[in-house]
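Here's the structure we're looking at; comments come further down.
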Amino acid sequence: MEENPSYLDIIRRVMERNVPQAGAKEKNLSYLDIMKEADTFPYEDKDPSLYAELTSRLWTLAWGDGGGDPVVLGYLRGGTVKRLLQVPAELRHMVSFDMETQVVHAFESGKTEEERTALVDNVMRHWRDAGKYEVLRGWREEKWPVYGSDNELLYSVERSATGILGVMRYGVHMTGYVRDSAAPHGMRIWVARRAQDKSTYPGMLDNTAAGGLMTGEDPLECIIREADEEASLPEAVMRERATFGGMVTYIYITDERAGGEVGQIYPETQWVYDIELPTDVRPTPKDGEVADFYLCTVDEVRAELAKGRFKPNCALIIVDFFVRHGIITAENEPHYAEIKQRLHRKLPFPGPHQAYARSLEAQAPAAALAEAATTLAS
């Protein structure tokens with residue numbers, strides 16, 4: 001169960017394959033390059049050898065069996081499984097594993113969601129206090145949900161610990177824009193710059209407002225809260241003008257900019273919102289997480305994307321915005337089909353994103369948005 005020392009070498013090859021200009025001082029990223037940087041985890045059909053090499057180093061965190069196959073909750077590194085077994089049994093309770101299949105079961109002995117959450121918290125606090133993981137130095141006291149089905153909450157995990165378990169991460173992102181008939185594509189976009197003292201991706205460009213979705217939090221209420229805290233946008237303006245644009249799903253692999261250990265697996269779902277702002281409403285930094293806001297043309301945003309100056313998943317959100325607003329089309333983008341596929345990656349992990357994924361497959365996008373708006377984002 002020792003972690004193979006070549007794991008980080010594999011991660012480096014994954015990064016090099018997906019972001020060939022990663023070390024370049026001057027980048028010129030295509031839209032597909034931008035997607036690959038955020039949706040980093042190899043695809044079995046696109047890169048079978050690299051997919052097999054990486055997954056052979058990972059363990060599956062599973063839940064139950066239900067008389068059939070266990071539910072896949074996340075991907076763990078081998079060293080994490082070893083550390084989990086070293087945690088005192090009175091803290092972690094029962095842990096079982098299968099060396100042949102590299103499947104581990106944990107936190108299942110709690111009878112209720114609260115009891116299971118307490119078990120996970122015991123383990124994470126033990127590791128934090130023992131200094132086992134650098135990422136836990138950024139402890140947030142925020143609980144994020146882990147689901148066993150579309151809407152069955154199994155337990156919650158400290159935000160900074162989600163990457164250790166490789167479980168789903170949920171968030172909300174919003175793009176603010178202003179109509180301008182004189183500008184390219186008839187709009188200008190509000191872009192945030194992250195504060196230089198942020199522990200993750202300092203100084204990089206960001207969406208107008210964004211944040212993590214805590215257990216039990218409604219996505220719309222979350223983006224309203226984040227828009228107030230980060231951009232000083234009034235609640236009344238948000239409730240009147242913010243519109244749900246859908247969900248994006250992808251699997252990111254962390255690099256040095258994310259803080260903590262390199263190579264954490266981040267399967268993520270983001271609820272995406274747009275807001276057309278009046279010309280007299282200007283986002284303004286409030287809580288210190290944002291250094292400033294810039295009102296940019298589409299061409300200026302595109303240039304910053306190409307230079308790699310956006311936080312990777314925020315760049316993905318901008319690409320999604322461009323697709324939904326007809327700026328990126330099948331006629332002007334040769335990799336349009338793959339870009340759209342990567343915006344809605346099929347994930348093996350349960351959660352509310354699965355209902356939206358099924359609706360996309362079964363319906364036209366407009367109908368899927370209408371259903372998701374009522375069943376998921378409200």
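All residue numbers in this chain count up from 1 along the given sequence.
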With no hydrogens and no angle check, is any side-chain donor or acceptor of Ser6 less than 3.5 Å from a backbone partner on Asp9? no

Identify whether the distance between the nearest side-chain nitrogen and carboxylate oxygen of Asp33 and Lys27 falls below 4.0 Å. no

Taking the side chain as every heavy atom from C-beta outward, state whether Asn207 and Phe321 have any atom pair closer than 4.5 Å. no

Does a side-chain N-to-carboxylate-O contact under 4.0 Å join Glu289 and Arg194? no

Roughly how far, to the nearest 0.5 Å, is the OG1 atom of Thr249 from the CE atom of Met168? 7.5 Å

Run the salt-bridge test on Arg193 and Asp206 with the 4.0 Å N-O cut-off and return the result as yes or no. no

In terms of side-chain geometry, is the basic nitrogen of Arg169 or Glu268 positioned less than 4.0 Å from the acidic oxygen of its partner? yes

Got Trp59 and Met99 here, is their nearest side-chain heavy-atom distance under 4.5 Å? yes

His105 side-chain N/O to Met94 backbone N/O, donor-acceptor pair under 3.5 Å: no

With the threshold set at 4.0 Å, does a side-chain nitrogen-carboxylate oxygen contact exist between Asp121 and Lys143? yes

Charged tip of Arg188 within 45° of Tyr294 ring normal and under 6.0 Å: no

Give a yes or no answer on whether the side chain of Asn332 reaches the backbone of Ile327 with a donor-acceptor pair at less than 3.5 Å. yes

Counting distance only, does the side-chain N/O of Arg309 pair as donor-acceptor with the main-chain N or O of Met204 below 3.5 Å? no

Verify, without hydrogens or angle tests, whether Arg179 (side chain) and Met187 (backbone) share a donor-acceptor contact under 3.5 angstrom. no

Excluding Trp144, membership of its hydrophobic cluster (Ile, Leu, Val, Met, Phe, Trp, Tyr; side-chain heavy atoms within less than 4.5 Å) reads Met214

Can we say Glu158 and Arg125 salt-bridge, meaning some charged N sits less than 4.0 Å from an Asp/Glu carboxylate O? no

Within the 6.0 Å centroid threshold, strictly below: Tyr266 and Tyr250: no

Phe310-Tyr201 aromatic ring centre distance below 6.0 Å: no

Gln102 side chain near Thr60 side chain, heavy-atom distance below 4.5 Å: no

Please round to the nearest 0.5 Å and tell me the distance separating atom CD of Glu333 and atom CG of Leu32. 7.5 Å

Who are the side chain to side chain donor-acceptor pair (under 3.5 Å) partners of Ser109, not counting sequence neighbours? His93

For residues 25-51, which residue pairs qualify under ring-ring contact (aromatic ring centres under 6.0 Å, His included), counting only residues two or more places apart or in two chains? Phe41-Tyr75

Do the charged groups of Arg225 and Glu235 touch, with an N to O distance under 4.0 Å? no

Can you confirm whether Leu58 sits close enough to Leu76 that some side-chain heavy atom of one is under 4.5 Å from a side-chain heavy atom of the other? no

Glu37 with Arg257: basic N within carboxylate O range, under 4.0 Å: yes

Could you tell me whether Arg342 and Glu338 have a side-chain N and a carboxylate O separated by less than 4.0 Å? yes

